[in-house]
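Take a look at the structure set out below.
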Amino acid sequence: ISSSRLAINVSVSGTDDPGSRCLWNRCRGQCPVITLFRTTRSADGQPNGTSWDLLRFDECGYSCRALQQDSCQTALHGIFLGLMNGLVFALLGFFGARSFLALFTQQANILEMGVVYMRICTVFSFGVFVQITYERIMQATGNTFYNMVIQGVGALVNIILDPIFIFGWLGLPAMGVAGAAIATVAGQIVAMILGIWITQKKVKEITIHVRVFRLSAKLLGNLYRIA
């Protein structure tokens with residue numbers, strides 16, 4: 001039953017991210033298992049039974065006991081990369097939206113609407129990048145139900161705000177395409193905030209403390225290599 005629930009939650013919330021595999025191992029110590037058969041012996045050296053020794057290693061080749069010690073650093077580096085990716089997309093979107101969209105259309109009104117939408121979505125893309133990072137943290141620690149919840153809440157906020165911002169309901173001005181973009185990033189940011197709160201309050205497998213963050217080029221390289 002628990003396996004079925006896990007499968008359903010992951011199916012609803014999204015597909016697996018290779019970048020979460022190492023964090024899964026670090027947070028839970030549940031690495032791919034190598035099982036060794038050992039014969040135990042009594043004090044006089046005679047065999048008196050057998051036992052199973054479970055040696056756990058992650059796909060990077062490190063023992064899980066060592067990996068558990070830096071799960072916080074792994075999560076913090078993932079969050080750092082999410083913020084940096086958001087910054088890169090913000091710059092590319094703000095300065096390059098018009099040139100990029102001009103490759104696909106020369107109609108002035110369509111181009112202008114596309115530029116407005118793309119700039120808003122990319123400038124505030126930190127929300128979706130950090131949201132996805134926290135989703136992967138939850139998924140890596142086996143809390144796929146919360147993963148599904150934050151995606152659902154984000155989508156619901158987007159659906160509710162879309163007509164309000166696009167058509168100008170509840171006394172707001174009609175913002176058209178800009179309103180659709182604002183509703184999109186608002187849903188992402190709400191999901192991000194909810195993900196941070198749930199991780200801090202509900203996810204017991206990992207504790208994230210920003211003050212202990214120490215930037216490691218080696219760890220960044222490992223995250224990109226696995227992902």
Side-chain angles (χ1 to χ4, degrees), residues 5-24 27-28 71-72 74-94 97 116-167 169-170 172 175-210 213 223 227:
R5 289 175 179 171
L6 177 66
I8 293 171
N9 291 339
V10 172
S11 299
V12 173
S13 61
T15 57
D16 189 17
D17 181 353
S20 68
R21 296 174 189 167
C22 195
L23 182 58
W24 174 289
C27 292
R28 305 196 70 191
S71 59
C72 177
T74 304
L76 287 170
H77 277 70
I79 296 168
F80 172 78
L81 289 178
L83 292 172
M84 291 301 100
N85 288 336
L87 178 60
V88 170
F89 271 77
L91 295 174
L92 291 175
F94 187 82
V116 169
Y117 188 91
M118 188 173 184
R119 280 180 174 170
I120 293 174
C121 286
T122 53
V123 168
F124 295 96
S125 63
F126 69 89
V128 69
F129 279 111
V130 177
Q131 172 199 341
I132 292 173
T133 302
Y134 274 91
E135 287 176 7
R136 294 302 175 260
I137 291 173
M138 294 176 189
Q139 187 170 322
T141 55
N143 293 282
T144 55
F145 173 75
Y146 296 132
N147 191 343
M148 180 176 64
V149 167
I150 66 172
Q151 282 199 12
V153 170
L156 186 61
V157 170
N158 187 3
I159 292 171
I160 293 173
L161 293 182
D162 260 334
I164 297 175
F165 290 159
I166 293 173
F167 302 113
W169 294 359
L170 304 178
L172 295 176
M175 292 179 278
V177 171
I182 294 172
T184 298
V185 298
Q188 294 166 352
I189 292 173
V190 168
M192 176 195 74
I193 295 172
L194 182 60
I196 295 172
W197 184 84
I198 290 177
T199 302
Q200 293 297 111
K201 300 296 184 180
K202 301 294 184 179
V203 179
K204 305 302 182 181
E205 291 84 357
I206 184 171
T207 302
I208 299 175
H209 297 295
V210 177
F213 176 67
L223 289 175

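Every heavy atom of this structure was used, including side-chain atoms; hydrogens, water molecules and symmetry mates were not. In this chain, residues are counted from 1 in sequence order.
Note that CD1 of Ile132 and CD1 of Ile137 are 12.5 Å apart. Values are rounded to the nearest 0.5 Å. To the nearest 0.5 Å, the span separating OG on Ser125 from CD1 on Ile120 amounts to 12.5 Å. Atoms CZ and CG, from Arg119 and Leu92 in turn, are 12.5 Å apart once rounded to the nearest 0.5 Å. Rounded to the nearest 0.5 Å, atoms CZ (Phe80) and OG1 (Thr133) are 12.0 Å apart. Atom CD1 in Ile196 sits 13.0 Å away from atom NZ in Lys201 (nearest 0.5 Å). Taken from CH2 in Trp169 to CG in Leu172, the straight-line distance is 12.0 Å, to the nearest 0.5 Å.
Judged purely by atom type and a 3.5 angstrom limit, Asn158 has no side-chain atom pairing as donor or acceptor with the backbone of Gly187.
Heavy-atom minimum distance, Leu76 versus Val210: CD2-CA, 4.0 Å. Minimum interatomic distance between Val123 and Ala90 (heavy atoms only, all atoms of both residues): CA-CB, 3.7 Å. Scanning both residues, Ala191 and Gly154, for their nearest heavy atoms gives CB-CA, 4.0 Å. In terms of heavy-atom proximity, Ala178 sits nearest to Val116 at CB-CG1, 3.8 Å. Of all heavy-atom pairs between Thr122 and Phe94, the closest is OG1-N, 4.1 Å. Taking all atoms of both residues into account, the shortest heavy-atom contact from Met192 to Gly127 is CB-O, 3.6 Å.
In this structure the side chain of Leu161 never reaches within 4.5 angstrom of the side chain of Ile182, judged on heavy atoms. Two residues are said to be in side-chain contact when any heavy atoms from C-beta on lie closer than 4.5 Å; Thr144 and Met138 fail this criterion. Inter-residue side-chain proximity for Ile189 and Phe126 is flagged as met; some heavy-atom pair is nearer than 4.5 Å. For the pair Tyr134/Ile79, a side-chain contact is recorded, criterion being any heavy-atom separation below 4.5 Å from C-beta on.
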Stepwise, does the side-chain contact (heavy atoms from CB on, under 4.5 Å) test hold for Gln151 with Gln131? CA-CA 9 Å; Gln151 282 199 12; Gln131 172 199 341; 4.1 Å; yes
Would Phe213 and His77 satisfy side-chain contact (heavy atoms from CB on, under 4.5 Å), going step by step from the backbone distance to the final call? CA-CA 8 Å; Phe213 176 67; His77 277 70; 3.5 Å; yes
Begin from the C-alpha positions of Ile150 and Ile198 and carry the test side-chain contact (heavy atoms from CB on, under 4.5 Å) through to its verdict. CA-CA 9 Å; Ile150 66 172; Ile198 290 177; 3.7 Å; yes
Verdict with reasoning, Ile166 to Met175, per side-chain contact (heavy atoms from CB on, under 4.5 Å): CA-CA 5 Å; Ile166 293 173; Met175 292 179 278; over 6 Å; no
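Counting only N and O atoms by type, the side chains of Gln139 and Glu135 include no donor and acceptor under 3.5 Å apart.
Proximity of the aromatic rings of Phe129 and Phe89 is defined here by a centroid distance below 6.0 angstrom, and this criterion is met.
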